[in-house]
Amino acid sequence: MDFNDTPEEAAFRAEARSWLASVARKRTASNSFAISQETGDFDAEFPKQREWQRQKYDAGFGAIYFPQEVGGRGGTSLQNMTFMEEEARFDVPVTAHFMIVNRGCCSLLMRHGTPEQKALIPATLRSDLIWCQLFSEPGAGSDLAGVRTRAERDGDDWVINGQKIWTSNAQYADWGVLIARTDPSVPKHKGLTFFIVDMKSKGIELRPIKQLTGASNFNEVFFNDLRIPDAHRVGEVNAGWKVTVSFLAGERTNIAIKELMPLIGGIVNLARQVQINGRPAIEDGEVRSKIASFYIREAGVRFTVQRMLTALSRGEEPGPEITIGKYTIANLVQEMTAFALDLQHASGAVMTPDAVPFDAIFQSEWFGSVIDRLGGGTDEVLKNVVGERILGLPEDVRVDKTMPFNQIKALKA
Ligand SMILES: Cc1cc2nc3c(=O)[nH]c(=O)nc-3n(C[C@H](O)[C@H](O)[C@H](O)COP(=O)(O)OP(=O)(O)OC[C@H]3O[C@@H](n4cnc5c(N)ncnc54)[C@H](O)[C@@H]3O)c2cc1C
């Protein structure tokens with residue numbers, strides 16, 4: 001396989017590079033590989049991320065692999081990767097929410113939305129509309145099919161009551177995607193329905209969750225007799241689990257798209273600067289073999305994700321294989337940043353930018369790296385998917401799987 005750009009790819013890369021150079025500054029050594037979205041002042045950062053997504057969209061780089069009929073460029077997943085490689089060289093905001101949630105909602109509506117729902121896609125891709133994901137509840141995270149938020153039919157509307165938690169960026173959201181229980185008398189996966197929700201509606205109360213960093217990226221969301229028109233239902237009544245699984249696969253694909261080469265390059269530079277036994281660490285055989293293993297795993301994930309993006313761009317359902325990409329990338333980032341801290345010896349535990357190499361960016365990336373091992377499905381849940389749906393291993397024990405939901409003792413609906 002030839003990994004060099006074809007003439008068409010080289011032309012696209014040149015176009016992307018020249019546009020980026022016209023609107024942004026190159027990254028400096030100290031911020032050359034920031035990949036996480038964690039920040040103490042998220043209210044200040046979020047509008048910058050939104051504006052950057054808009055700028056990219058207007059220049060034809062914000063929705064590269066989406067078809068032109070929904071406002072995308074109609075390009076390829078490879079072009080998307082190429083753009084990300086080039087973008088990683090520039091000092092621009094990390095637009096994680098737009099890549100994961102907004103794009104995830106667009107991909108979902110492409111596959112399952114009505115024409116009216118699909119009409120929301122272009123403004124969403126441009127980030128004129130912000131979306132949030134109303135899935136997790138206090139008693140239903142990994143066991144997502146156990147959600148207790150109720151949706152009851154009343155004429156042309158559905159009336160929603162219940163509570164969600166960990167809803168990222170709901171405070172900025174115009175729309176949300178929601179799963180709610182519409183029939184508690186059937187087994188838990190069979191009584192769910194999927195909706196889109198106008199977040200400015202009466203009957204929605206947000207309570208921000210204060211994090212240790214001081215930021216409040218997450219919210220509790222309460223629904224008190226919220227009314228949703230039936231036109232905002234996605235898919236059939238009681239067939240919401242299928243839509244949810246489809247959404248989660250898209251979300252995991254988008255989490256797994258990360259440009260890691262700058263981070264690997266940063267580790268190589270660090271290994272040149274620090275010493276082991278009086279010699280530059282880069283000369284140590286174990287250090288070199290570790291860095292080589294990072295390269296190899298990064299390449300494996302990159303090609304897996306590319307296959308998934310190609311499926312998404314064709315409006316196809318992404319398969320369970322993407323769990324491998326999401327699991328590997330989340331663990332790889334944590335392993336790489338932990339390795340970078342080890343290379344710094346005792347300084348690895350110091351967060352003061354002036355006192356340690358690369359302004360402590362490895363330290364802050366290490367702190368941020370845990371996020372992707374939880375959001376979009378924890379490691380353990382993903383391993384179950386790989387075991388059961390890819391390898392065909394025996395299923396995890398699920399005593400409540402076939403029982404009517406309202407007979408499950410711990411979760412009386
Ligand atoms: C950064 C971030 C952003 C998020 N944003 C959103 C959002 O916008 N919207 C939203 O709805 N949710 C969001 N979440 C919530 C996220 O989806 C849940 O945290 C996640 O699904 C885990 O659920 P839980 O926290 O209830 O943990 P639990 O489900 O209680 O899990 C606790 C532990 O038990 C393990 N476990 C559970 N079941 C099994 C099993 N069957 N086998 C083996 N181990 C198991 C888990 O792996 C975990 O280690 C976000 C989370 C994070 C970290």
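Ligands are counted one by one from 1 in listed order, and the atoms in each one are counted from 1 as well. Computed from a prediction, not measured in an experiment: that's the story for all the values here.
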Visitor: Out of all atoms in ligand 1, which are within 4.0 Å of some heavy atom of Glu380? Include the element for each.
Guide: 43 (C), 44 (N), 46 (C), 47 (O), 49 (O)

Visitor: For Phe98, which of Phe46, Tyr172, Trp52 qualifies under ring pair (Phe, Tyr, Trp, His ring centres under 6.0 Å)?
Guide: Phe46

Visitor: Supply the atom-to-atom distance Thr82 OG1 to Glu87 CD, rounded to the nearest 0.5 angstrom.
Guide: 12.5 Å

Visitor: So, Thr352 and Asp354: side-chain donor and acceptor under 3.5 Å apart, yes or no?
Guide: no

Visitor: Does any N/O atom on Thr378 come nearer than 3.5 Å to any N/O atom on ligand 1?
Guide: yes

Visitor: Which part of Leu144 is near ligand 1, with near meaning a heavy atom under 4.0 Å away: side chain, backbone, both or neither?
Guide: neither

Visitor: If you measure only the distance, is there a donor-acceptor pair under 3.5 Å linking the side chains of Asn238 and Thr182?
Guide: yes

Visitor: Could you work out, for atom 8 (O) of ligand 1, the closest of Gly146, Ala96, Ser168 by heavy-atom distance?
Guide: Ser168

Visitor: Nearest heavy atom to atom 16 (C) of ligand 1 wins, so pick from Ser136, Ala173, Gly176.
Guide: Ser136

Visitor: Should you measure from each heavy atom of Leu374, which atoms of ligand 1 turn up under 4.0 Å away?
Guide: 20 (C), 53 (C)

Visitor: Ignoring hydrogens and angles, state whether a donor on the side chain of Thr304 or Glu321 is under 3.5 Å from an acceptor on the partner side chain.
Guide: no

Visitor: Any atoms of ligand 1 less than 4.0 Å from a non-hydrogen atom of Gly375? List them with their elements.
Guide: 51 (C), 52 (C), 53 (C)

Visitor: Flag yes if more than 12 heavy atoms outside Trp366 fall under 6.0 Å of its CH2 atom; otherwise flag no.
Guide: no

Visitor: Can you tell me which portion of Val101 lies within the under-4.0 Å heavy-atom range of ligand 1? Options are side chain, backbone, both, or neither.
Guide: neither

Visitor: Regarding ligand 1, does Asp396 bring an N or O atom to under 3.5 Å of one of the ligand's N or O atoms?
Guide: yes

Visitor: Check ligand 1 against Phe135 and write out every atom of the ligand that is under 4.0 Å from a heavy-atom position of the residue.
Guide: 11 (O)

Visitor: Scan Phe195, Trp175, Trp158 and name whichever one has a ring pair (Phe, Tyr, Trp, His ring centres under 6.0 Å) with His232.
Guide: Trp175

